[in-house]
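Structure first, then comments.
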Number of protein chains: 2
Amino acid sequence: MHADDRLPRYQRLRDEMVALVAARHWRPGEAIPTEQALAKSYDVAVGTVRKAVDLLVAEGLLERFQGRGTFVRRASFDSSLFRFFRFQTRQGERRIPESRILRREVVEAPSAVAATLQIPNGAKVIQMSRLRLIDGVPMLAEEIWLPFDRFAAFAQLELTEIGDLLYPVYEAQCNQVIASATETLTVEAIGPLHARLLRIEPGTPAVVIERLAYGYDRQPLEWRRSRGPASEFIYQAEIR
Amino acid sequence: MHADDRLPRYQRLRDEMVALVAARHWRPGEAIPTEQALAKSYDVAVGTVRKAVDLLVAEGLLERFQGRGTFVRRASFDSSLFRFFRFQTRQGERRIPESRILRREVVEAPSAVAATLQIPNGAKVIQMSRLRLIDGVPMLAEEIWLPFDRFAAFAQLELTEIGDLLYPVYEAQCNQVIASATETLTVEAIGPLHARLLRIEPGTPAVVIERLAYGYDRQPLEWRRSRGPASEFIYQAEIR
DNA sequence: TAGTGGTCTAGACCACATA
DNA sequence: ATGTGGTCTAGACCACTAT
């Protein structure tokens, strides 16, 4: 099962390190072996290890701390587009919104969902509808789909057992770890259904964020579509 | 005027190379000296030069081509948010929209504009209003502000002398080179004025992109605010 | 064939964190 | 005091581009 000898050593080393994290042999929060140790065990120079680690730090999989060591980074989703919703509390601090699951059921995947999650047509999915609030004010209306075969345990949980964040639950209950995601931002005039949930006027501009989240093996694990009032959204980017 | 000795050599080297580009001593499209030559002239090891160049490649200022050399990159604005407007032609290819300048005048800077461009209150600015079209269909309505003292030559140009792209004109006529920018995306229900320009219904969601563009010396050179129909906009991002 | 950037090595010394 | 990552060197060899 192995990597192309024509690839540079630092690339192959990088790939092996990714595999160790994916296999949960190196776990988030833990320190990996020192550069010296890695150099010795993989029989390469320290400089080569450094270059491989450089890559993974740039990719966000590892974090370095001078004098302490190199650590597997927790996927934090700090760069998610959700960050650009100005959902501050009245004191202006950033908080995790409260979550209310409005509905959860197991259904046959609509064909668009099956295609997106890369599962067979007609396979079962968990469909969920969720409202996120700050200080009791609705901020985001979400629809979430999970492939049933990987998340069967999730369908059995009492709703009261599910906290404000889903990914830790996926990890603890279903052994499914989210490693990365792609997000897509579009804008629409909000429909009457979501308008009622969000307590805004139908036709008001809303930002729609679709997120497809992947495991370390690059398999799609979760699809969600979230809607929030566009008036609360501001995105900034650097251009070169 | 010199750099801190406590900074690593590769950082100081990086800064000196940026300065050479800013001073137009190294010009876009040109090759810079070889790594060997740089190492000799700055009296550092080649590896140190490589690290400095690595940084500038990552920042997008330089481009490397194995066997050919390292070149100063033209600021291409490939990553601009405008890229996410699906302004395709009927054949689906990407094109530079046609530009029509609707108005251009020299005025005293409104205080918000003066603050943004970091010029004194009441200083003169060139204010411009522009429409961008594809196949004759209006796609973006833009308002643009330029500090008059740097762009005086621009105010004299016949409108027919100004092409579809402004930055090459800034460079050729005013010797002002845009090096980077920050962009901000918000959404609003379009007002009657812009609705008429864009030939859409007032109240339709519109994407508003504000861009503040800087020279190599980090001075703000241009501020523009562009509005386009949100229905044509889709933004995608990778999350880790 | 000559010259460029790309990979890799082996080792020295520095700065920082922790005990 | 020890061990970690951070910086820097000097040189070898490879892969690609141009002539």
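Lettering follows sequence order; numbering is per chain, from 1. Quick caveat: nothing in here was measured; it's all calculated off a predicted structure.
Between A:Phe71 and A:Phe65, the ring planes are perpendicular. Angles over 60° get that label, and only those under 30° would be called parallel. Ring planes of B:Tyr167 and B:Tyr170: tilted class, angle from 30 to 60°.
Remark: the backbone N or O of B:Val137 is not paired with any side-chain donor or acceptor of B:Asp135 at under 3.5 angstrom. Between the side chain of B:Arg73 and the backbone N or O of B:Gly60, at least one donor-acceptor pair lies under 3.5 Å. A donor-acceptor pair under 3.5 Å is formed between the side chain of A:Arg132 and the backbone N or O of A:Asp164.
Contact annotation: A:Thr70 reaches the phosphate of D:dG5 (side-chain N/O to OP1 or OP2, under 4.0 Å). Of the side-chain N and O atoms in B:Thr48, none sit less than 4.0 angstrom from OP1 or OP2 of D:dT7. Of the side-chain N and O atoms in B:Lys51, none sit less than 4.0 angstrom from OP1 or OP2 of D:dC8. The side chain of A:Tyr10 places no N or O atom within less than 4.0 Å of a non-bridging phosphate oxygen (OP1 or OP2) of C:dC8. Phosphate contact (OP1/OP2 of D:dG3, side-chain N/O of A:Thr34, threshold under 4.0 Å): absent.
Distance CD1/B:Ile119 to CG/B:Asp149: 7.0 Å, rounded to 0.5 Å. Rounded to the nearest 0.5 angstrom, B:Ser99 OG and B:Leu140 CG are separated by 9.5 Å. Atom CG in A:Leu221 sits 8.5 Å away from atom CG in A:Leu117 (nearest 0.5 Å). The distance from atom CG of B:Leu56 to atom CD1 of B:Ile32, rounded to the nearest 0.5 Å, is 8.0 Å. Residue A:Glu143 holds its CD atom at 9.5 Å from CD of A:Glu210, rounded to the nearest 0.5 Å. In this structure, CG on A:Leu212 lies 6.5 Å from OG1 on A:Thr116, to the nearest 0.5 angstrom.
The stretch residues 37-45 of chain A has no heavy atom under 4.0 Å from DNA chain D, so no residue of it qualifies as close. Interface residues of residues 25-33 of chain A facing DNA chain D, ordered by number: none; criterion, heavy-atom separation under 4.0 Å.
When the nearest nucleotides of DNA chain C are assigned to A:Arg9 and A:Gly67 by heavy-atom distance, the more 5′-ward of the two goes with A:Arg9. Both A:Phe65 and A:Gln11 sit near DNA chain C, but only A:Gln11 has its closest nucleotide nearer the 5' end.
Between B:Glu35 atom CD and C:dG3 atom P the separation is 16 Å, expressed in whole Å. Distance B:Arg50 CZ to C:dC8 P: 11 Å, rounded to the nearest Å. A straight line from CZ of A:Phe71 to C1' of C:dA17 spans 10 Å, rounded to a whole angstrom. In this structure, B:Glu63 atom CD and C:dG5 atom C1' are separated by 14 Å, rounded to whole Å. In this structure, A:Leu62 atom CG and D:dT4 atom P are separated by 16 Å, rounded to whole Å.
Each end of the helix from C:dT1-D:dA18 to C:dT18-D:dA1 gets its own axis from five base pairs, and the two axes differ in direction by 10°, given to 10 degrees.
A:Glu142 is linked by a side-chain hydrogen bond (donor to acceptor under 3.5 Å, both in side chains) to A:Arg130, A:Arg224, A:Ser226, counting only residues two or more places apart in sequence or in another chain. Evaluation of the ring pair (Phe, Tyr, Trp, His ring centres under 6.0 Å) rule for A:Tyr216 yields no partner, not counting sequence neighbours.
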Protein N or O to nucleotides 11-14 of chain D N or O, pairs below 3.5 Å:
none

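Here the nucleotide nearest the side chain of A:Arg68, chosen from C:dC8, D:dT7, C:dT18, is C:dT18.
Note on B:Glu171 versus B:Arg24: salt bridge recorded, some NZ/NE/NH1/NH2 to OD/OE distance being below 4.0 Å.
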